[in-house]
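Reviewing the structure listed below.
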Number of protein chains: 2
Amino acid sequence: MAVSVRDVAALAGVSLGTVSNVLNRPDKVAPATVERVQSAIASLGFVRNDSARQLRAGRSSTVGLIVLDGGNPFFTDVARGAEDAAMRKGLAVLVGNSDESVDREHTYVDLFEERRVAGLLISPAGDDLTRLGRLRDQGTAVVLVDRRSDDDHFASVSVDDVAGGSIAVSHLAAIGRRRIAFVGGPFGIRQVTDRHAGAVAAARSAGVELEVLPTTSLSVLEGRRIGEEIQARPASERPDAVFAANDLLAVGLEQAFIMRGTIRVPEEIAIVGYDDIAFAEVAVVPLTSVRQPAQDLGRRAIELLLAQVEEGQGVETLHVEFTPELVVRQSTVAEH
Amino acid sequence: MAVSVRDVAALAGVSLGTVSNVLNRPDKVAPATVERVQSAIASLGFVRNDSARQLRAGRSSTVGLIVLDGGNPFFTDVARGAEDAAMRKGLAVLVGNSDESVDREHTYVDLFEERRVAGLLISPAGDDLTRLGRLRDQGTAVVLVDRRSDDDHFASVSVDDVAGGSIAVSHLAAIGRRRIAFVGGPFGIRQVTDRHAGAVAAARSAGVELEVLPTTSLSVLEGRRIGEEIQARPASERPDAVFAANDLLAVGLEQAFIMRGTIRVPEEIAIVGYDDIAFAEVAVVPLTSVRQPAQDLGRRAIELLLAQVEEGQGVETLHVEFTPELVVRQSTVAEH
DNA sequence: CTGTTAGCGCGTTCAC
DNA sequence: GTGAACGCGCTAACAG
């Protein structure tokens, strides 16, 4: 059943080492021999045993990726980017979903450690990075995803949420809006505070008003609630634009405005969301949104990982921060 | 750097074999010894090398899962169910995304084969199952996910789409609708034809009319297009209910009906979707939908896999077919 | 360019 | 209960 290099060597009439050379350094073997060995491999259906390779090599050709939420499109895109980049380098990606649970995260870290992964890409669930520090000290490359380490001890890839907030509000100011509302919360979430900070800075430099309408979560329902609230105001006291901390909120706002038919989007109130989820494009009024380059994040994370693996310990810890991009649709600029 | 069982044995003052016993059969070792060995493991930070274990065991404790679309919530749920079930059995799941590409699928199959996975869960991208047949013949357990093999040669888990279609239309008939439209396409997709077949059967047995409104894809935009079409008809010629082949179409229909404000949902037209995506619940009128037990699918797939692994080749190929479930919301039954 | 040999780290015999 | 010896399949190093 199990066919090994030995069987291949026997059938091809060469020695073990030659088969190994054909597999790993074909250029060092006479073409005719390569041919013979390869046809032996084919006729036997030989498949390399990766465990044996790894055992020998001491390191696997697998990298681990632990995400906070497997169902979140942001993370599936990150995973996709990482997978593609890794595959090009001959690496496989093992994806684990911590579901924001520190326990589940630990389970995966243990698993990956037993598997001797070449490196670990992780969006940590908690604030305690000591476990990862130990891992890294033992020689496993670690790259933080969507999060910078406070003490600069880990390489990381992230997206500049402050810039994202700024881009959104600058766009609204550029199309002539003067009374902007930031809708989002809770402010305990870093992304929310960062996006808000960017919004504040852009509003100030553009000389426009910015009020804050806090939410208890980043959901469609909360968006709808705030939408109703805005609508209940006299028209003169309404903002002329809303920047929502994510697309779910934005969709909820839009639903509230349009359903009632009382507020026209974008004529009376323009809306900008964040994340550019699939539904942003097919909303009743297609939603202008800030897009995070999630796939690029995954790709760069793999590159940083490889740099660490290749350069060894001595490499300086690198931080790559992406700038998000604005996707303009009809919720801010009506079609002509 | 690399600490092995040998180091642990040395520190604990016991032999290699004893450490192995502590790790795998602690009950066969004196409690005091177990204690000593375990504290040696802890102080050395010893982590088992899985490659070595696998090499010895001949089989890995990893199972592969290849999905058609990593971004599709259905498959992320399947993956989640499989992961959870596998983790309980001490297995890890390696997830690959074929993206409907036969090439990518092959790459993953090869990868998994080299890793000597204990088994493979797969939603095949093409119709050619011979590659999987060879795998299975070589002793790797294979379970088809969301697809039955035509020749009964593989174990499989799937969801009964015919039953799903039937459930949807039966519900519409039960709430008094008599002129139902099936919206969906292209009919080359098995899920579409199955759901339609179920709808036809249920309509016949309930004695209600069923017309077909074909679409070119299962998208929001197509749903909206059909919605406009329905709306353009004289009120007397409109259906009083629509069963959409998936939720995206249903959302598009709803958008068309409600935006214009001309057709009330569910009073004039009731809508049932399929898949119960996250947006179904937060649609303007929350959407009644047919939910597929995706996580259960993943869980059962792992169980079938384990049955094959444990029982060996001789086990009869099992087919598990789940029946989907109707989630009733306001798009068919207005709130009181 | 080819063949031979010695482990990689672990789990499993056996004898003790 | 314990310990020593062997081999899983492969690769790297060296000798031919």
Side-chain angles (χ1 to χ4, degrees), chain A residues 1-38 40-41 44-62 90 111 113-118 138-140, chain B residues 1-38 40-41 44-62 90 111 113-118 138-140:
Chain A
M1 190 75 73
V3 23
S4 81
V5 277
R6 229 180 303 276
D7 306 313
V8 175
L11 181 64
V14 298
S15 87
L16 254 174
T18 304
V19 177
S20 171
N21 278 333
V22 171
L23 256 28
N24 305 306
R25 285 168 299 280
D27 44 305
K28 299 212 142 203
V29 181
T33 314
V34 172
E35 190 66 28
R36 272 223 317 292
V37 171
Q38 273 172 345
I41 287 178
L44 254 33
F46 166 77
V47 176
R48 246 185 347 210
N49 184 325
D50 195 64
S51 309
R53 295 191 79 191
Q54 289 185 194
L55 178 55
R56 197 75 243 285
R59 271 231 152 280
S60 97
S61 59
T62 303
L111 203 77
E113 204 175 352
E114 288 191 1
R115 297 248 188 311
R116 297 294 189 272
V117 292
Q138 282 169 15
T140 304
Chain B
M1 189 77 71
V3 24
S4 82
V5 278
R6 227 181 305 275
D7 306 312
V8 174
L11 182 64
V14 299
S15 87
L16 257 172
T18 304
V19 176
S20 170
N21 278 333
V22 170
L23 255 28
N24 306 307
R25 285 169 300 280
D27 45 304
K28 298 211 143 205
V29 180
T33 314
V34 172
E35 189 66 29
R36 273 224 315 293
V37 171
Q38 275 173 343
I41 289 178
L44 254 32
F46 166 78
V47 176
R48 253 190 336 215
N49 184 326
D50 195 63
S51 311
R53 297 191 77 195
Q54 288 184 195
L55 179 55
R56 195 70 188 76
R59 252 206 179 295
S60 97
S61 58
T62 302
L111 203 78
E113 203 176 352
E114 288 191 2
R115 296 244 189 313
R116 298 292 189 273
V117 293
Q138 282 169 16
T140 304

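From a predicted model like this one, the values you see are computed outputs, not experimental measurements. Note on naming: letters A, B, ... go to the chains in the order of the sequence lines (proteins, then strands), and numbering restarts at 1 for each one.
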Subject >> Protein proximity profile, nucleotides 4-13 of chain C - base contact B, sugar-phosphate-only contact S, no contact -, cut-off 4.0 Å on heavy atoms >> reply: B--BBBBBB-
**OP:** Measure across A:R115 and A:Q54 and return the closest heavy-atom pair with its distance rounded to 0.1 Å.
**Re:** O-NE2, 4.0 Å
**OP:** Would you mind telling me which of B:L23, B:V3, B:D7, B:V5 makes a side chain to side chain contact (heavy atoms under 4.5 Å, CB included) with B:I41?
**Re:** B:L23
Original post:
Whole-Å distance between C:dC14 C1' and B:K28 NZ?
Top reply: 13 Å
Original post:
Where is the tightest heavy-atom contact between B:V117 and B:R59, given as atom of each residue plus distance?
Top reply: O-NH1, 3.1 Å
Original post:
Is there a donor-acceptor pair closer than 3.5 Å between any side-chain N or O of B:R116 and the backbone N or O of B:E113?
Top reply: yes
**OP:** Consider only side-chain N and O atoms of B:S61 and B:R53, and report whether a donor and an acceptor are under 3.5 Å apart.
**Re:** no
